Asker: 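Structure provided below as structure tokens; questions to follow.
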Protein chains: 2
Amino acid sequence: MQVMSNSSDALFRILADPTRRIILDLLAERGPLSVGQLASEFPELVASGISKHLMSLRAGGVVSATRRGRLQIYRLEPDALAAGLAPWIAKYEQYWSAALERLRDLAQEGHGKDKVTPKKNVRRKSLK
Amino acid sequence: MQVMSNSSDALFRILADPTRRIILDLLAERGPLSVGQLASEFPELVASGISKHLMSLRAGGVVSATRRGRLQIYRLEPDALAAGLAPWIAKYEQYWSAALERLRDLAQEGHGKDKVTPKKNVRRKSLK
DNA sequence: GTAATACATTACTGTATGGTAATACTTTTG
DNA sequence: CAAAAGTATTACCATACAGTAATGTATTAC
């Protein structure tokens, strides 16, 4: 039974579910998507399940939705995601740097995969 | 019901619990600690509860334990933590940089709090 | 208008899991 | 040796929550 519930706490619970993390990945990779487009990526789940996940994500502020016709277009809210997790990430900052560097080295000699490349918001500034 | 279960998946589940995150913080801040020392930080929980959390953390590889006398000394395994989460963090790399910068600016003019300062392993290299 | 499409909401279910209490195990102390 | 200290393990309970199915609500198509 949880007592404390700051904002980063809610975020960690949101990220604990793999489906929700994949939804975030999809929105980051392909830009804003409708519920149907998202749901089609999860053939093993019924649509209402996706809808519920989207509600959780919205409640956490990491996605937002706008209506267009009868479609609901969901988009990533990267600032909310970053602002919520940055304090925690910063706490272990020194530990990431080495691991991220290793990843970058691997990506350099290997192909260029496993990296989200969003539509807009491409203010590349690269950690480290 | 979860189907996929790669290593970062297990990590996100581990981090979803605030008690476990605090345990990691304590080990990072104060270095290796015994179960009793850790448990004393959670007066609201019974000792066996802490023990169970420590088992989860060990199963995830983010802490390790060595016996000294009748004490079990737990220590953080930062590499496992970093290696497991780095891929995910790297995916959203560009989003963190801005937020982390803002945090750093705040920390500079404010006091120097909310930052884990571990005993050893102080290879400061600072993201960004 | 009616039907169909696209989601949201509600009610319900099963399972995972955080918590406690009790017991067992190992090591030190007397 | 027995007792105590420090953890681990087990059994159990309660709750959270992911999932489904069914129903409700807009919006577009016919």
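Labels below follow one simple rule: chain letters A, B, ... track the order of the sequence lines, proteins then strands, and each chain is numbered from 1. Computed over heavy atoms, backbone and side chain alike; hydrogens, waters and symmetry mates excluded. Keep in mind that what you see is a predicted model, and the values were worked out from it rather than measured.
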Asker: Tell me which nucleotide, if any, is Watson-Crick or G-U wobble paired with D:dT7 when both distances must be under 3.5 Å.
Answerer: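 Checking every strand shown, D:dT7 finds its partner in C:dA24, with both distances under 3.5 Å.
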
Asker: Take the protein atom CZ of B:Arg21 and the nucleotide atom P of C:dG18, then report the distance between them rounded to whole Å.
Answerer: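 Rounded to whole Å, this separation is 12 Å.
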
Asker: When you measure from the side chain of B:Thr19, which nucleotide among C:dT20, C:dT9, C:dG19 comes out closest?
Answerer: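 Nearest nucleotide to the side chain: C:dG19.
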
Asker: When you match A:Arg68 and A:Gly49 each to their closest nucleotide on DNA chain D, which lands nearer the 5' end?
Answerer: A:Gly49

Asker: How are the rings of B:Phe12 and B:Trp88 set relative to one another: parallel (under 30°), tilted (30 to 60°) or perpendicular (over 60°)?
Answerer: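 The arrangement is perpendicular - the two ring planes meet at more than 60°.
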
Asker: State which of D:dT28, D:dG6, D:dA8 makes the closest approach to the side chain of B:Leu71.
Answerer: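 Of D:dT28, D:dG6, D:dA8, D:dG6 is nearest to the side chain of B:Leu71.
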
Asker: More 5' along DNA chain D: B:Ala65 or A:Arg67, using each one's nearest nucleotide?
Answerer: B:Ala65

Asker: C:dT20, D:dA29, D:dA4: which one has an atom nearest the side-chain heavy atoms of A:Arg70?
Answerer: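 Nearest to the side chain of A:Arg70 among the choices is D:dA29.
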
Asker: Select base, sugar-phosphate, or nothing to describe what A:Gln37 touches, counting heavy atoms under 4.0 Å on all strands.
Answerer: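 The residue A:Gln37 makes no contact with any strand.
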
Asker: With a non-hydrogen cut-off below 4.0 angstrom, is A:Tyr74 in contact with a base, only sugar-phosphate, or nothing?
Answerer: sugar-phosphate

Asker: Using the side-chain heavy atoms of A:His53, tell me which of these nucleotides is nearest: C:dA6, D:dG19, D:dT20.
Answerer: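 Among C:dA6, D:dG19, D:dT20, the one nearest the side chain of A:His53 is D:dG19.
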
Asker: Can you tell me if B:Ser34 touches the phosphate of D:dG6, counting only side-chain N or O atoms and a distance under 4.0 Å to OP1 or OP2?
Answerer: no

Asker: NA contact type, A:Leu54, heavy-atom cut-off 4.0 Å: base, sugar-phosphate, or nothing?
Answerer: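 Here A:Leu54 touches no strand at all.
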
Asker: Looking at the side chain of B:Val46, which of C:dA11, D:dA22, C:dA21 is the nearest nucleotide?
Answerer: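 Closest of the options to the side chain of B:Val46: C:dA21.
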
Asker: Do B:Asp9 and B:Arg13 meet the salt-bridge criterion of a basic N to acidic O distance under 4.0 Å?
Answerer: yes

Asker: Please report the distance, rounded to the nearest Å, between CG in A:Asp17 and C1' in C:dT17.
Answerer: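 Atom-to-atom, A:Asp17 to C:dT17, this comes out as 15 Å.
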
Asker: Rounded to whole angstrom units, what separation is found between the CZ atom of A:Arg13 and the P atom of C:dT17?
Answerer: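 Interatomic distance, CZ of A:Arg13 to P of C:dT17: 15 Å.
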
Asker: Looking for any heavy atom pair under 4.0 Å, which part of the strands does A:Arg20 touch: base, sugar-phosphate only, or nothing?
Answerer: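 Sugar-phosphate, no base atom in range.
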
Asker: Would you classify B:Gly69 as touching base, sugar-phosphate or nothing, given that sugar-phosphate means primed atoms plus P, OP1 and OP2, and contacts are heavy atoms under 4.0 Å?
Answerer: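 Sugar-phosphate contact only.
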
